[in-house]
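Read through the structure below, which is laid out as structure tokens, and then see the notes.
Just so it is clear, the structure is predicted and the values come from calculations on it, not from any experiment. A note on names: the letters A, B, ... follow the listed sequences, proteins ahead of strands, and every chain is numbered from 1. These numbers come from the heavy atoms of this one structure, side chains and all, not from hydrogens, waters or symmetry mates.
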Amino acid sequence: MEPKLSPDLLLTGYRNLVLVRTLDSRMLSLQRQGRIGFYVPSTGEEACQVGSAMALEKRDWVFPAYREPGAAIWRGFPIETLIAQAYGNAADPQRGRQMPNHFGASDIHYVTTSSPVGTQITQAVGAAWAAKIRHEDVVSLTFFGDGATSEGDFHAGMNFAGVFKASTIFFCKNNQWAISVPVAKQTAAKTIAEKARAYGMDGVRVDGNDLLAVYAVTKAAVDKARGGGGPTLIEALTYRMGPHSSSDDPTRYRSKDEVEAWARRDPIDRMRKYLELKGLWSKDREDALRAELDDLIQNTIKEVERQPPPAIETLFSDVTAELSPQIREQMEAYLASGERRRPEMLDKFPL
Amino acid sequence: MPAMTMVQAINNALREEMRRDDRVIVLGEDVGRNGGVFRCTEGLLDEFPDRVFDTPLAEGGIIGTAIGMALYGLRPVPEIQFMDFIYPAFDQIVSEAAKMRYRSGGQFTVPMTIRTPFGGGIRGGHYHSQSSEAYFCHTPGLKVVVPSTPKEAKGLLTASIRDPDPVMFLEPKKLYRSSREEVPEGEVLVPIGEAAVRRPGKDVSLIAYGYMAQVCLEAAAKAAEKGVEAEVIDLRTLVPLDEPKILASVKKTGRAVVVYEAPRTGGFGGEISAILAEKAIEYLRGPIVRVTGFDTPFPYTLEDVYMPNGDRVLAAIDKVMAF
């Protein structure tokens with residue numbers, strides 16, 4: 001099962017895992033300090049994000065949920081943009097319109113994230129279907145959690161993909177918890193993967209904390225889709241080590257023992273051991289990488305934090321391509337009112 | 001120039017846009033082999049076998065996949081068989097299509113036209129008759145278009161398909177085959193955002209859209225017999241609304257009757273009334289009066305009691321003319 005990946009690719013993959021982990025801990029502490037309003041960590045799930053993204057080509061499309069920064073970064077999403085989006089300031093191309101972690105970028109075909117769970121699933125199928133209509137060799141991959149498999153959009157997306165043989169990879173990150181509800185309360189099925197059968201497609205389970213296994217399974221699904229073999233459902237078994245979000249306290253609903261058992265299967269530790277066995281890694285390199293990433297993130301935060309909030313006018317733009325007469329009137333009336341309130345949200349977060 | 005029903009004009013617009021632009025895709029329930037339950041897509045599958053799709057029976061799936069196509073760069077025109085069945089797709093329309101441009105800072109857009117028959121008058125009971133335009137007018141990021149003649153249906157649908165943003169294209173099914181009109185072959189464009197004065201008058205403004213525009217014309221003809229000259233404004237586009245045309249009319253006549261067949265409370269005509277009260281109150285000689293459906297679910301047997309008609313509009317005219 002060991003995939004053939006060059007040492008360079010293996011090392012870049014590992015670097016991305018550590019980058020996501022480092023970013024998570026820094027961003028969560030920024031939230032605790034009141035410098036950003038909210039954060040969604042993905043600690044423990046890094047291998048799912050990076051391993052799957054490694055199997056895609058640039059031309060492919062990703063329809064994410066809100067816990068896959070590793071996939072975006074792998075595809076080229078700049079760290080400074082990710083951090084600026086969390087601040088929602090003038091350096092955010094989305095102009096501060098979305099909560100942290102709800103980013104996206106058209107140049108990397110990474111669709112901007114929404115909070116309603118599962119809505120991206122049918123959209124991913126539509127994009128792959130469009131590629132098929134245009135005879136273009138493009139696949140789509142959509143991320144979602146175990147909770148999303150209870151949504152109607154999961155059913156509709158799987159069903160449409162089966163019927164139209166769309167080249168979509170359904171990547172379910174089964175991290176065991178949907179906020180406080182365990183996967184056993186989402187479905188009576190023994191596995192999520194087995195649901196694929198009812199839609200006429202293959203379903204596979206993979207150890208989501210094993211970067212190489214995630215890559216291998218996703219690559220096989222992508223190759224099959226490109227060859228005209230249709231969609232695949234991948235269930236990656238992993239664990240949400242942290243809270244659902246910075247607003248959540250998981251000690252209310254799950255045991256310390258459970259968390260500790262999963263900590264022993266940490267995806268970063270496992271990848272590091274693999275690299276060490278291959279003779280590609282050492283303690284010195286590890287220390288250097290950690291220091292480099294700490295600096296990178298600290299410095300980027302310092303740079304990004306200096307940016308002002310988005311201009312008031314950006315509240316009114318991009319609703320439709322042209323400003324409607326109504327919105328123009330509302331904007332002009334607001335600007336003429338003399339009330340030029342600085343966004344107080346920058347100092348005070350209600351979340 | 002051929003005389004067409006609204007169904008034929010819609011079919012003609014779809015066919016011509018599909019010929020002009022190979023990114024235009026038609027998808028929905030029964031739109032392929034069957035040509036749609038109202039036949040709006042008849043013959044399209046034969047001419048465009050790779051771009052017309054009978055989908056599984058799932059409105060959320062139809063709109064969700066259409067959004068994905070639009071993000072990818074196509075121009076999907078999904079059909080929702082009846083507006084009464086649109087609610088499973090509500091999340092996709094309101095949370096996704098409507099917000100995509102805004103939430104991405106203009107990086108991702110959804111040029112999609114959702115066609116759906118709406119409104120009463122065909123004995124459809126409450127699941128084939130509703131007018132739920134207000135939900136969509138209340139959602140920033142959507143345009144809402146309602147034609148009322150065959151030629152304009154072609155022109156507005158063409159403009160909608162070419163629009164860079166999501167458009168709710170609501171087809172008054174009562175008018176699908178009720179009359180024919182000369183509709184030119186080739187390009188017909190009616191810009192989104194412009195109302196039309198259907199009948200000029202100086203005494204009272206009747207403001208409506210869809211089938212109710214025709215009801216207002218009937219009422220205006222009856223009013224004329226009594227010497228009252230009613231002006232009929234057909235909105236054609238609800239969002240973005242052509243306020244200047246409405247305000248110009250009411251400033252001239254000093255009286256307004258707003259007509260819509262949806263339930264009264266929270267209906268789009270309430271917004272028209274509010275705009276008139278805010279921006280033209282000094283011109284008003286009497287109250288703004290609404291003629292609407294009742295705040296009940298849409299009925300089956302008693303449909304004619306529910307639907308606003310010419311007499312009800314005439315009674316409202318009498319009421320405002322008394323001031």
Is it the case that A:Thr232 and A:Lys224 place a side-chain donor and acceptor less than 3.5 Å from each other? yes
Residue part contacting chain A, namely of B:Asp91, when any heavy atom lies under 4.5 Å: side chain
Output yes when B:Glu16 and B:Arg19 qualify as a salt bridge under the 4.0 Å nitrogen-oxygen rule, no when they do not. no
Using non-hydrogen atoms and a 4.5 Å limit, figure out which bit of A:Leu323 sits close to chain B: side chain, backbone, both or neither. neither
Look at A:Ala156, A:Gly152, A:Ala105, A:Gly104 and state which one has the largest set of heavy-atom pairs under 4.5 Å with chain B. A:Ala105
Under a 4.5 Å heavy-atom cutoff, which of A:Ser115, A:Gly96, A:Pro93, A:Ser114 has the most pairs with chain B? A:Ser114
Evaluate B:Arg33 against B:Asp54 for salt bridge (charged side-chain N to carboxylate O under 4.0 Å, His left out), listing each step before the verdict. CA-CA 8 Å; B:Arg33 184 177 291 198; B:Asp54 280 321; 5.9 Å; no
Non-hydrogen atoms of chain A under 4.5 Å away: do they reach the side chain of B:Ala58, the backbone, both or neither? both
Is it the side chain or the backbone of A:Ala124 that comes within 4.5 Å of chain B heavy atoms, both, or neither? neither
How many angstroms lie between CD1 in B:Ile25 and OH in B:Tyr72, if you round to the nearest 0.5 Å? 11.5 Å
Return yes if a side-chain donor-acceptor contact under 3.5 Å exists between B:Ser104 and A:Thr112, otherwise no. no
Checking heavy atoms, do the side chain of A:Ala131, its backbone, both or neither come under 4.5 Å from chain B? both
Is the distance from the ring center of A:Phe143 to that of A:Tyr66 below 6.0 Å? no
Please flag which part of A:Val111 lies under 4.5 Å from any non-hydrogen atom of chain B: side chain, backbone, both or neither. both
If we define contacts as heavy-atom pairs under 4.5 Å, which of A:Asp92, A:Thr119, A:Val125 has the most with chain B? A:Thr119
Choice from A:Ser324, A:Pro325, A:Ser317 maximising heavy atom contacts with chain B below 4.5 Å: A:Ser317
Less than 4.0 angstrom from a charged side-chain N to a carboxylate O is my criterion; do B:Glu96 and B:Arg103 meet it? yes
Which atoms of A:Thr113 approach chain B - backbone, side chain, both or neither, heavy atom under 4.5 Å: backbone
Taking NZ, NE, NH1 and NH2 as the nitrogens, is one of them in B:Asp22 or B:Arg51 under 4.0 Å from a carboxylate oxygen of the other? no
From the list B:Leu71, B:Val239, B:Asp50, the residue making the most non-hydrogen contacts under 4.5 Å with chain A is B:Leu71
Region of B:Lys143 that comes under 4.5 Å of a non-hydrogen atom in chain A: side chain
Would you call A:Lys173-A:Glu68 a salt bridge at under 4.0 Å N-O? yes
Supply the atom-to-atom distance B:Leu235 CG to B:Ile272 CD1, rounded to the nearest 0.5 angstrom. 5.0 Å
Residue B:Pro164 versus chain A: region with a heavy atom under 4.5 Å: side chain
With only heavy atoms counted, which part of A:Ser140 is less than 4.5 Å from chain B, the side chain, the backbone, both or neither? neither
Interface moiety of A:Val163 toward chain B, non-hydrogen atoms closer than 4.5 Å: side chain
Sort out for me which of B:Pro240, B:Pro56, B:Gly141 touches chain A most, counting heavy-atom pairs under 4.5 Å. B:Pro56
Turns out that what part of B:Ile62 lies under 4.5 Å from chain A's heavy atoms comes down to both
Reported CG-to-CH2 distance for the pair B:Leu27 and A:Trp129, which is rounded to 0.5 angstrom: 5.0 Å
Heavy-atom distances under 4.5 Å only: say whether B:Thr109 touches chain A with side chain, backbone, both or neither. neither
By a 4.5 Å heavy-atom criterion (distance strictly below it), what part of A:Phe154 contacts chain B: side chain, backbone, both, or neither? neither
Part of B:Leu74 within contact of chain A (heavy atom distance under 4.5 Å): side chain
Proximal component of A:Phe103, with respect to chain B [non-hydrogen, under 4.5 Å]: neither
Does the side chain of B:Thr41 come under 3.5 Å of the side chain of B:Glu79 through a donor N or O and an acceptor N or O? no
Could you tell me which portion of A:Ala166 (side chain, backbone, both or neither) has an atom closer than 4.5 angstrom to a non-hydrogen atom of chain B? neither
Side chain, backbone, both or neither of A:Glu329 within contact of chain B (heavy atoms, under 4.5 Å): side chain
Test salt bridge (charged side-chain N to carboxylate O under 4.0 Å, His left out) applied to A:Glu322 and A:Arg328, step by step: CA-CA 10 Å; A:Glu322 281 182 42; A:Arg328 180 182 299 283; over 6 Å; no
Determine whether the side chains of B:Tyr260 and B:Arg290 contain a donor N or O and an acceptor N or O closer than 3.5 Å. yes
